[in-house]
Amino acid sequence: MSLSLEVAPSAAPEAPDVDGWFAALGDDYLGRVPADSLRPGMVNGWRLRWRGRELDVQVDADFPFSVARVYLAGYSRAQAQPHIEKDGKLCLGSKAVPGDRVHTVQVALAEAFQLLTENETRQHDDDFREDFGLYWLSWADRSDLRVEVMPGPGGARKSILGRAALTEGRVFVFPGKDEAGRICTNLTGAAPKGLKETPVISIDPLPAPDRYPESAGELWALVDARSLGGTDLLVRLMSNDPMEAFVVLAGKAPSGREHYAAVRLRRPLDRGGQPTKRRAIRDGVKGTDDPTRSLFARFKIERLTTQRMDSSSSRLPEGVQHQIAAAKTIVVGCGALGSGVARMLAQAGVEHLGLVDPEQLGWENIRRHELGGGVVGHGKAKALANSIRADLPMIGFVEGYATTFATFARENPEALQQADLVVSCTGDWTADASVEHALAQPGRKAVAVYGWMEAHALASHAVLIGKTGARLADGFEENGKFRLPVVAGGKPPPPECGGTSTTFGAVELSHAQALVAKLAIDSLRKLETAAAWRSWLADAAAFDEVEATMASGWVTARGKPDDMGGLFSGEWMFP
């Protein structure tokens with residue numbers, strides 16, 4: 001085909017329609033794609049020949065305000081190429097050219113030709129292993145049964161005998177009984193029953209799609225050739241005479257990224273449609289050179305959709321994630337600010353959280369609280385802990401304490417001695433003072449981050465206080481009045497707030513939550529070690545809306561921000 005890979009926009013008034021453009025290709029155009037050969041969702045298509053291959057260009061009803069898809073006709077796993085899906089669809093990044101049908105097709109074909117040319121010169125071969133999980137997902141035999149794997153401490157580098165818990169349509173594979181009990185209890189509220197021994201076998205290198213096992217015999221051969229001791233785990237698996245079993249293959253991509261791929265083994269069915277009996281499936285294997293391998297080869301296998309349970313790991317480097325996961329953190333105050341901070345820390349990888357708050361959730365809180373109407377009237381700390389456990393079941397420890405921090409410190413001295421960080425989000429000077437007093441006692445190693453908001457959430461503050469140097473009390477008068485507020489004046493809070501809280505919504509709150517959580521993470525990472533003070537200010541329109549102004553003392557000390565507000569940082573020092 002002579003079509004150039006460099007395409008230029010067609011001039012709309014003179015441009016031919018798509019049929020005419022394809023027809024102008026001459027013998028390389030093979031005609032319209034029959035309606036019964038169109039892919040799901042597609043309404044039109046054209047077939048052409050390029051370098052001995054047949055390509056389909058297909059479009060949906062939104063075309064030309066949607067991209068043109070390009071497919072390899074007759075594609076199979078034996079012909080697998082990088083960045084081509086199971087149905088032959090080329091994974092292209094091209095965008096639609098709105099309103100221009102011909103140019104949209106040209107752009108898609110130009111990128112398709114480039115990808116196929118690069119595949120011919122094997123420029124993307126490593127992608128089979130780099131994106132192994134996606135290719136395995138694409139070529140899975142079935143997707144209605146999903147396997148979800150929780151890696152062990154050794155990750156994909158170490159073969160282990162894991163444990164699997166089966167539920168409807170899902171199989172959870174854990175590195176051991178303890179992890180299975182903890183995560184299933186967090187997820188479902190009950191410990192699992194009937195755990196299955198499940199080998200998780202490290203193989204190197206990961207196979208390309210044309211080497212994915214089609215049979216149990218091929219699976220054994222793959223494990224035998226590419227693992228150390230993996231066949232020993234298969235031998236153990238067969239010793240249990242399973243009716244059904246699972247095997248997880250694990251490996252590392254060239255970049256170090258880890259992947260997991262699961263296979264289900266089942267006894268073949270007899271003439272009555274029932275699983276073959278133990279005696280029948282073992283018949284004749286003793287006389288073979290390797291009886292266990294021969295027995296294993298008689299099982300039927302299915303390649304299953306597989307996901308990592310920890311695939312939501314944060315963007316932080318692996319070493320930093322381990323550092324954060326090992327830290328013991330206490331969040332004091334589980335109201336609007338503290339509940340969001342606690343959840344952010346858990347989502348960032350903090351594995352050990354103690355949540356302290358004596359209050360119950362009220363209706364006035366739910367538009368800005370992490371918890372909703374279903375737990376109104378329940379204790380905030382315990383309800384938030386339950387919510388985090390259910391939403392992030394792999395978390396190591398999260399517990400709620402329905403008490404003040406002063407009482408918590410007296411009743412749980414060992415927890416305070418082990419803590420690395422205390423994050424106080426009470427917005428109450430007396431409560432914050434009790435945190436500072438407790439952490440100043442001998443044997444306490446934790447540093448503290450204090451977070452609070454000013455009226456109407458027009459300003460929020462996060463302050464890190466270390467073991468030496470500046471104290472939180474430096475910024476407050478004896479009666480708890482802040483020495484350098486941002487907000488002056490403004491409307492009073494509405495009666496329903498009872499004078500104990502301020503009016504703000506989820507949008508304003510999100511800035512404060514992120515401010516405090518970020519400083520807490522920076523402290524755990526040792527990016528901040530000395531006393532630090534960060535503030536976020538709302539824009540001028542927000543100040544005007546509640547008839548507030550910028551306090552003169554703040555402007556003198558920090559300078560007047562522009563109308564968009566924003567982030568300020570400085571030392572925790574006062575005249």
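Excluded from the calculations below are hydrogen atoms, water molecules and symmetry mates; all remaining heavy atoms, backbone and side chain alike, are included. Values in this document were obtained by computation on a predicted structure and should not be read as measured data.
- A salt bridge does not link K252 to D204: none of the charged nitrogens lies less than 4.0 Å from a carboxylate oxygen.
- By the 4.0 Å N-to-carboxylate-O rule, D420 lies too far from K328 to be salt-bridged with it.
- The existence of a salt bridge linking E302 and K300 is excluded, since no basic side-chain nitrogen approaches an acidic carboxylate oxygen closer than 4.0 Å.
- A distance-only check finds a donor-acceptor pair linking the side chain of H369 to the backbone of C334 [under 3.5 Å].
- Judged by distance alone, with hydrogens and angles left aside, the side-chain atoms of R389 form a donor-acceptor pair with the main-chain N or O of V398 at under 3.5 Å.
- The main-chain N or O of E218 is found under 3.5 Å from a side-chain atom of S215 such that the two form a donor-acceptor pair.
- Side-chain polar atoms of S66 and D60 form a donor-acceptor pair below 3.5 angstrom.
- A distance-only check finds no donor-acceptor pair linking the side chain of R69 to the backbone of V59 [under 3.5 Å].
- Rounding to the nearest 0.5 Å gives a distance of 8.5 Å between CD1 of I330 and NE2 of H352.
- Within the 3.5 Å criterion, the main-chain N or O of E244 finds no donor-acceptor partner in the side chain of R266.
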Atom pairs and distances, side-chain donor-acceptor, residues 74-81, under 3.5 Å, sequence neighbours left out:
from : atom 1 : to   : atom 2 : distance (Å)
Y75  : OH     : Q81  : N      : 2.8
R77  : NH1    : P209 : O      : 2.5
R77  : NH1    : Y212 : O      : 3.2
R77  : NH2    : E214 : OE2    : 2.1
Q79  : OE1    : S76  : N      : 3.1
Q81  : OE1    : N119 : ND2    : 3.1

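- Looking only at distances, no side-chain donor or acceptor of S523 sits under 3.5 Å from a matching main-chain atom of L519.
- Ion pairing between E258 and R157 holds under the 4.0 Å rule for side-chain N and carboxylate O.
- When all heavy atoms are compared, the tightest approach of F246 to T198 is O-CG2, 3.2 Å.
- Between R257 and D131 there is a salt bridge, since at least one side-chain N of the basic residue sits less than 4.0 Å from a carboxylate O of the acidic one.
- Distance alone, capped at 3.5 Å, is enough to place a donor-acceptor pair between the T306 side chain and the L304 backbone.
- Using a distance-only test at 3.5 Å, with no hydrogens or angles considered, a donor-acceptor pair links the side chain of H259 to the main chain of E130.
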Show, in sequence, the C-alpha distance, side-chain angles and deciding distance for N365 and K380, and conclude whether the side-chain contact (heavy atoms from CB on, under 4.5 Å) test is met. CA-CA 11 Å; N365 299 132; K380 295 177 183 177; 4.0 Å; yes
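- Applying the side chain to side chain contact (heavy atoms under 4.5 Å, CB included) criterion to R182, with sequence neighbours excluded, gives E179, N186.
- Rounding to the nearest 0.5 angstrom, the gap separating the CZ atom in F299 from the CE atom in M238 is 4.0 Å.
- Between D283 and R279, none of the side-chain N atoms (NZ, or NE/NH1/NH2) sits under 4.0 Å from a carboxylate O, so this pair counts as no salt bridge.
- Distance CD/E148 to CG/D310: 11.5 Å, rounded to 0.5 Å.
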Kindly determine whether R282 and L295 satisfy side-chain contact (heavy atoms from CB on, under 4.5 Å), including the steps that lead there. CA-CA 6 Å; R282 285 183 172 273; L295 173 64; 3.6 Å; yes
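- Remark: R39 qualifies as a cation-pi partner of Y71 under the 6.0 Å distance and 45° angle criteria applied to the six-membered ring.
- Electrostatic pairing of K89 and D87 does not count as a salt bridge here, judged by no charged N lying under 4.0 Å from a carboxylate O.
- Using a 3.5 Å distance cut-off with no hydrogens or angles, the side chains of E118 and H124 do pair a donor with an acceptor.
- With 3.5 Å as the limit, one finds a donor-acceptor pair spanning the side chains of S387 and R343.
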Residue pair V447, L464: steps toward the side-chain contact (heavy atoms from CB on, under 4.5 Å) verdict: CA-CA 7 Å; V447 299; L464 170 64; 4.1 Å; yes
Going through the checks in order, is the side-chain contact (heavy atoms from CB on, under 4.5 Å) test met by V200 and Y260? CA-CA 9 Å; V200 180; Y260 295 84; 4.2 Å; yes
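- In this structure a side-chain-to-backbone donor-acceptor pair under 3.5 Å is missing from T288 to S294.
- Counting only distance, with no hydrogens or angles, the side chain of D224 and the backbone of W220 share no donor-acceptor pair below 3.5 Å.
- Note on D125 versus R122: salt bridge recorded, some NZ/NE/NH1/NH2 to OD/OE distance being below 4.0 Å.
- Taking the six-membered ring where tryptophan is involved, the planes of F408 and F405 are tilted, since the angle between them lies from 30° to 60°.
- Looking at E411 and T403, their side chains never bring a donor and an acceptor atom within 3.5 Å of each other.
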